Amino acid sequence: MSVTVSDELQCCVCLDIVQEAVESPCCRSLFCDHCAREAVSTSKKCPKCRSKVKMSGFKPNIPIRKIVDSLPAECPHEGCTDRVTRGNLDDHVRVCDSRMVLCSNDSRCDIEVQAKHLKLHEEEECVYRKIECPFKCGEMTTLSDLKEHERECGAVEEECEQCGELIPRGMMLQHLDQDCVAAKLPCPFAACGCAERHRRESMDGHISQSENEHCTMMEETMQLQVDEITKLQSMYQDKAGIIDDLVDEVDELEDQVQSIRIGLFEHEKLHVSAQLHGHRGCIWSSCELPENRVATAAQDGRIRLWQYDGSWRHVGKLKGHNGRVNGVCAGEGHEIFSCGGDGTIRRWDINRNDVGEVEDSDTEMVAPMAAARKKIRFKNTKKVDGHSGAVYSVSFDGELGAVASCGADGAVRLWKPQNLKSRAEARSAHAEEARSVLAHPDGVISGGEDGNIVFW
């Protein structure tokens, strides 16, 4: 379609119909918007009169734009006969029935057809269109995959090799096992010794003709079974006598072992040498200290120190935990580490010849002890909150150079003994509460309510 355009609608740069018409501020000439921008950005001058201009001085010419938009235009798609104008050409191109579109049936189909023929192609012509299995198996396939599907389809009928009847492939085994009249089957009395095989349709005749033989076979089989049962009973009786003898021997050995246990117990019987009183409530933990001392931790929130010098005596009481003290262990030299239900781990320095009563870390007042007869300044040198919830166990090892702890949060943690700063942690060491921990030169062993013993 050819359109004759007057010079008034031509761009002064490209000499084509002006697009997005703009007017220069100097000579009032018309330009395409993109032509004007390109020329001014290069030369800073009007393309027509060469006056100095800025692009901001070019103004849209609305009347010319309307005239240009109303001009007839030709759709670029082959075969399109629609009458369109330049103003609606872009919109038309996007929806034109003659535009080329790609088949959407399958990624393997790369055929492009005109939009008006797409439905015909996808539903009737495309070899990748979806079709229902012609053998009525209920599955969907594509026309190009039909032969491959046919080789595996259970609804395809095949001829039975025994009777010649057409049977769906998926039903063939059931047909041979239950329905095929020509299938050869073993005689029902095969277990009794009948080795004959007959077609299903003639099996009843064989059974009726061989009744006497089958009865004889059954009697012989039953007699063999009776003989086998008798043999097994005799063997059982022989074995039962042997088993009874073994049971008697085991009983005798158990009596001997019990006598040995009683003798050992009487020989190594433990005697109570002392009973120490001082705590209120359950005592949860104890540990050995230098200089014949022992530390005990209890539900009353106290750690008590005991010393043996020919007899046991109470030499000190450490107070600091808020609630019960769950664990106590010896550290390096005269250090003690403790843990409690308040979620804290504490470090104590007992490097004194006489030990009195200790309050918390900032308290120096000491109650006089009967043995010391004087006030003693004794500090809880460090405490740390390292667990969420109660801390149940604490352990120190000098070669490892760490204090280990575990608690109700299921975590196992390592601390530097000098300042109780965190060294390492395993937050999910146990699925439930971690109840015990042991530090040793090669690492840490922990146990918890989940029934697991974990080596770290």
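Along the sequence shown, residues are numbered consecutively beginning with 1. These numbers come from the heavy atoms of this one structure, side chains and all, not from hydrogens, waters or symmetry mates. Quick caveat: nothing in here was measured; it's all calculated off a predicted structure.
For Asp342, the side-chain hydrogen bond (donor to acceptor under 3.5 Å, both in side chains) test picks out His321, Thr344, with sequence neighbours left out. Every residue two or more places apart in sequence or in another chain that forms a side chain to side chain contact (heavy atoms under 4.5 Å, CB included) with Glu132 is listed here: Met140.
Between His214 and His206, the ring-plane angle classifies as perpendicular under the 30° and 60° cut-offs.
Residue-environment remark: CE (Met222) stays at or below the threshold of 12 foreign heavy atoms within 6.0 Å. More than 12 heavy atoms of other residues, nucleotides or ligands sit less than 6.0 Å from atom NZ of Lys116.
Each of Ile303, Val328, Thr296, Asn326 was compared with Ser285 under the side-chain contact (heavy atoms from CB on, under 4.5 Å) criterion, and only Val328 meets it. Each of Cys49, Cys46, Pro47 was scored for a side-chain contact (heavy atoms from CB on, under 4.5 Å) with Ser24, with one residue passing: Cys46. Only one option out of Lys59, Arg65, Arg28, Lys48 pairs with Glu23 in a salt bridge (Lys or Arg N to Asp or Glu O under 4.0 Å); it is Arg28.
No side-chain donor from either of Trp415 and Ser422 sits under 3.5 Å from a side-chain acceptor of the other. With hydrogens and angles left out, the side-chain atoms of Glu78 and Ser98 include no donor and acceptor closer than 3.5 Å. Between the side chains of Asp397 and His440, no donor N or O sits under 3.5 Å from an acceptor N or O. Between Thr230 and Asp227, the side chains place no donor N or O within less than 3.5 Å of an acceptor N or O (distance only, hydrogens not considered).
Using a 4.0 Å cut-off between charged nitrogen and carboxylate oxygen, Glu122 and Arg129 do not count as a salt-bridge pair. For the pair Asp106 and Arg108, the salt-bridge criterion is met [side-chain N within less than 4.0 Å of a carboxylate O].
The distance from atom CG of Leu420 to atom CG of Asp385, rounded to the nearest 0.5 Å, is 11.0 Å.
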Between side-chain atoms of residues 146-165 and protein atoms elsewhere (two or more places apart, or another chain), which donor-acceptor pairs fall under 3.5 Å?
unit_1 : atom_1 : unit_2 : atom_2 : d
Glu158 : OE2    : Arg169 : NE     : 2.9
Glu158 : OE2    : Arg169 : NH2    : 3.2

